Structure formats: structure tokens, C-alpha cells
Amino acid sequence: MTEASAVAIAAIERTLEVKAAPERVWRAISDPDELARWFPQRADWELRPGGRGTFFWEGHGDFEIRVEAVEPGRYLAWRWGDETVASLDDPARTTLVEWWIEARPDGGTRLRLRESGFSTPERRAGNDEGWTEELGELAALLDAETA
């Protein structure tokens with residue numbers, strides 16, 4: 001694969017508007033027990049830059065992750081690969097997932113997601129579908145708590 005083809009694959013970007021307060025949204029994306037309520041079936045990680053962890057999905061197995069950046073309450077980024085990735089240190093075989101949290105004037109939250117660095121259009125398509133489903137689960141969880 002050439003550098004040009006890697007750049008040509010667009011990032012996945014989503015914005016979610018929820019009634020939940022920013023502090024609650026931060027917990028939902030950063031606490032392993034909270035994350036497991038809407039994303040993987042199991043999550044374990046060290047929430048610090050360089051911290052390692054694993055997300056587990058039935059039928060898909062374990063996905064290793066490495067935390068890239070943490071700004072509590074505002075920004076979180078991790079790097080992960082698909083089931084075939086042997087090393088998270090190979091950026092050509094991993095993607096970067098970034099989250100931004102912004103307080104809204106009404107007390108709710110704007111949550112922005114960006115996943116970038118896809119090596120193939122097929123991999124991007126699979127994750128694009130996955131994020132639609134997973135963010136729907138997150139919105140349902142948060143909305144149920146604020147109803």
C-alpha cells in the first residue's frame with residue numbers, strides 16, 4: 001500500500017447530542033464498567049497515556065488497545081487494530097479513535113467521535129457500521145437515564 005492510498009480512505013466522524021451532563025458522558029466512554037454497558041461486552045484498561053487494555057466482543061474476541069491521550073472530561077484517544085494485529089506499534093495496521101466532549105448551554109453534551117488511519121475501505125466500512133450501532137446503544141443508555 002502506498003502512502004497516498006492510506007490518505008485516501010476517509011475517517012469516520014460522528015456527532016452525538018445527548019441530554020446527559022458532560023461528566024456522565026465522560027464516565028460512559030472512559031470507565032471500563034460503563035463502557036461495557038454499551039460498547040464491548042468486557043473492557044479493561046489503564047486510563048493514562050501509554051496505558052494498555054483489551055476490549056472483548058462475543059464472536060469477535062479480544063481487541064488490544066493503547067491509550068494515546070487523556071484530558072479528563074474533555075478528550076480521550078486510543079489506538080487499536082483488528083483481530084490480526086500483532087503489534088499496536090505498527091500504525092499502518094491500527095486506527096486511532098478520538099472522542100471530544102463539549103458541554104452544551106442547556107446542560108447536555110455534544111460528543112464527537114473520529115476514527116482515522118484505515119488501511120482498507122473494507123475495514124473502514126465494517127467500523128462505520130459498527131459505530132452506528134454502538135453509538136445508538138450509547139445514546140439509548142444516556143437518554144434512558146435522563147428521561
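Atom set for the values below is all heavy atoms of this structure, side chains included, hydrogens, waters and symmetry mates excluded. Owing to the predicted nature of the structure, the values given are computational and were not obtained by experimental measurement.
- Ionic pairing of Arg66 and Glu68 is present here: one or more N-O contacts between side-chain nitrogen and carboxylate oxygen are shorter than 4.0 angstrom.
- Leu35 and Ala43 get closest at one heavy-atom pair: CD2-CB, 4.0 Å.
- Rounding to the nearest 0.5 angstrom, the gap separating the CD atom in Glu64 from the CZ atom in Arg79 is 14.0 Å.
- The residues Arg27 and Glu145 are annotated as not salt-bridged, no charged nitrogen and carboxylate oxygen being separated by less than 4.0 angstrom.
- The shortest side-chain heavy-atom distance between Leu141 and Arg24 falls under the 4.5 Å cut-off.
- Residues Tyr75 and Trp45 fall into different hydrophobic clusters, defined by Ile, Leu, Val, Met, Phe, Trp and Tyr side chains chained together at heavy-atom separations under 4.5 Å.
- By the rule that hydrophobic residues join a cluster once side-chain heavy atoms approach within less than 4.5 Å of another member, Trp131 and Ile29 end up as members of one cluster.
- Side-chain contact check for Arg110 versus Thr15: some heavy-atom pair is nearer than 4.5 Å.
- If you chain together hydrophobic residues whose side chains sit under 4.5 Å apart, Trp26 and Leu135 fall into the same group.
- Pairs passing the salt bridge (Lys or Arg N to Asp or Glu O under 4.0 Å) check and including a residue from residues 133-142, sequence neighbours excluded, do not occur.
- Legend: residues meeting side chain to side chain donor-acceptor pair (under 3.5 Å) with Asp128, ordered by chain and number and at least two apart, are Arg14.
- The shortest distance between side-chain heavy atoms of Thr95 and Arg123 falls below 4.5 Å.
- Using a 4.5 Å heavy-atom cutoff, the side chains of Leu113 and Leu16 are not in contact.
- Counting only heavy atoms from C-beta outward, the side chains of Pro49 and Val70 approach each other to under 4.5 Å.
- Side-chain contact between Pro32 and Asp44: absent, with no pair of heavy atoms (C-beta onward) separated by less than 4.5 Å.
- The neighbour count for Glu13 CD, taken as heavy atoms of other residues, nucleotides or ligands under 6.0 Å away, is above 12.
- Here the CZ-CG distance, from Arg42 to Asp62, works out to 6.0 Å after rounding to the nearest 0.5 Å.
- Not a single side chain to side chain donor-acceptor pair (under 3.5 Å) links Arg124 to another residue, sequence neighbours left out.
- Taking the side chain to side chain donor-acceptor pair (under 3.5 Å) definition, one finds that Arg74 meets it with Glu71, sequence neighbours left out.
- Under the 3.5 Å distance criterion, the side-chain polar atoms of Trp38 are matched with a main-chain donor or acceptor of Ala28.
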message: Before you tell me yes or no, could you show the steps for Glu23 and Thr109 under side chain to side chain contact (heavy atoms under 4.5 Å, CB included), namely the whole-Å CA-CA distance, both residues' side-chain angles and the distance that decides it to 0.1 Å?
response: CA-CA 9 Å; Glu23 299 79 21; Thr109 304; over 6 Å; no

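- Summarising the geometry of Glu115 relative to Asn127, their closest heavy-atom pair is OE2-ND2, 2.9 Å, with the distance given to 0.1 Å.
- In this structure, the ring of Phe55 has its center less than 6.0 angstrom from the ring center of Trp78.
- Using a 4.5 Å cut-off between side-chain heavy atoms of Ile, Leu, Val, Met, Phe, Trp and Tyr, with links allowed through other members, Phe63 and Leu76 fall into the same hydrophobic cluster.
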query: Where do Ile12 and Phe118 land on the side chain to side chain contact (heavy atoms under 4.5 Å, CB included) test, with the steps shown first?
result: CA-CA 9 Å; Ile12 296 169; Phe118 293 99; 3.5 Å; yes

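- Trp57 contributes a side-chain N or O that, together with a main-chain N or O of Phe39, makes up a donor-acceptor pair within less than 3.5 Å.
- In plain terms, the two heavy atoms of Ala77 and Leu96 that are nearest each other are CB-CD1, 4.2 Å.
- Checked against ring-ring contact (aromatic ring centres under 6.0 Å, His included), Phe56 has no partners two or more places apart in sequence or in another chain.
- For the side chain to side chain donor-acceptor pair (under 3.5 Å) test, no residue two or more places apart in sequence or in another chain qualifies with Arg52.
- Using a 4.5 Å heavy-atom threshold, the side chains of Leu111 and Val18 count as separate.
- Between the CG atom of Asp143 and the NZ atom of Lys19 there is a distance of 6.5 Å, given to the nearest 0.5 Å.
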